[in-house]
Amino acid sequence: MDLSGSHILNATPDRVWAMLMDTDVLARIVPGVTTLEKTGENEYKAIAQVKMGPVNGSFSGGLTMQDIREGEGYTLNVKQSSKIGNADATVKIDLKSVDDDKTELVFDGGAKLSGLLARTGNRVMSGVANSLTKQFFENFEQEISSS
């Protein structure tokens, strides 16, 4: 399943970068995350409750940031497992200054699914991914305006 797109955020690249590197902020803006804790250098443990169409799942696993380019982006590897299947995703995140006070966040990658998640179908899962991405950016904008 492909994961790609972009969104323009109303904050400077430095501010967006700081928020993407803040575990507490990420825990608030990533949809469904109930726990996000640092376990090592650029490694995190995450627990999330995600509703995908008619299926609800509690996911646990790890996130790793690689290829970190200070203020410019990184590659995020996510491995999550649940009773309804597993997800293994790699997404490259790039930040680009648009104006003096705006930043374009560009993401590009993909996810491999197994179990019920894989059998659910690409069309349903793509819809879920689009919905979660939209919610992530809405949460991100709300976090920017409230801080």
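Counting begins at 1 with the first residue of the sequence.
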Can you tell me how far [atom2] of [Y] sits from [atom1] of [X], rounded to the nearest 0.5 angstrom?
X: K102; Y: L9; atom1: NZ; atom2: CG; answer: 10.0 Å
X: I29; Y: E141; atom1: CD1; atom2: CD; answer: 10.0 Å
X: E104; Y: I8; atom1: CD; atom2: CD1; answer: 5.0 Å
X: N77; Y: D88; atom1: CG; atom2: CG; answer: 7.5 Å

Would [X] end up clustered with [Y] when hydrophobic side chains under 4.5 Å apart are linked, directly or stepwise?
X: L132; Y: I47; value: no
X: M19; Y: V106; value: no
X: I68; Y: I93; value: yes
X: V128; Y: L3; value: yes
X: V16; Y: L36; value: yes

Donor on one side chain, acceptor on other, T75 and Q66, under 3.5 Å | no
Who are the side-chain contact (heavy atoms from CB on, under 4.5 Å) partners of Q49, not counting sequence neighbours?
-> N56, S58
Does D14 have any side-chain contact (heavy atoms from CB on, under 4.5 Å) partners at least two apart in sequence or in another chain, and if so, which?
-> T12
Is there a donor-acceptor contact under 3.5 Å from the side chain of [X] to the main chain of [Y]?
X: T133; Y: A129; answer: yes
X: T103; Y: A11; answer: yes
X: R119; Y: S114; answer: no

Can you list every ring-ring contact (aromatic ring centres under 6.0 Å, His included) pair that touches residues 10-32, not counting sequence neighbours?
-> W17-Y74
Within the 4.5 Å heavy-atom criterion, are [X] and [Y] side-chain neighbours or not?
X: L95; Y: L20; answer: yes
X: V78; Y: V91; answer: no
X: Q135; Y: N139; answer: yes

For [X] against [Y], the heavy-atom pair lying closest together:
X: A46; Y: L63; value: CB-CD1, 3.1 Å
X: S81; Y: N86; value: CB-OD1, 2.9 Å
X: S126; Y: M1; value: N-SD, 3.8 Å
X: K38; Y: Y44; value: CA-CD2, 3.6 Å

Those residues that, when tested against D24, pass salt bridge (Lys or Arg N to Asp or Glu O under 4.0 Å) (two or more places apart) | none
Residues in salt bridge (Lys or Arg N to Asp or Glu O under 4.0 Å) with R28, at least two apart?
-> E143
Under the salt bridge (charged side-chain N to carboxylate O under 4.0 Å, His left out) rule, what pairs show up with a residue in residues 59-82, not counting sequence neighbours?
-> D67-R69, R69-D94
Should the heavy atoms of other residues, nucleotides or ligands under 6.0 Å from CD of Q142 be counted, would the total exceed 12?
-> no
Over 60° means perpendicular and under 30° means parallel, so classify the ring planes of F140 and F137, tilted if in between.
-> parallel
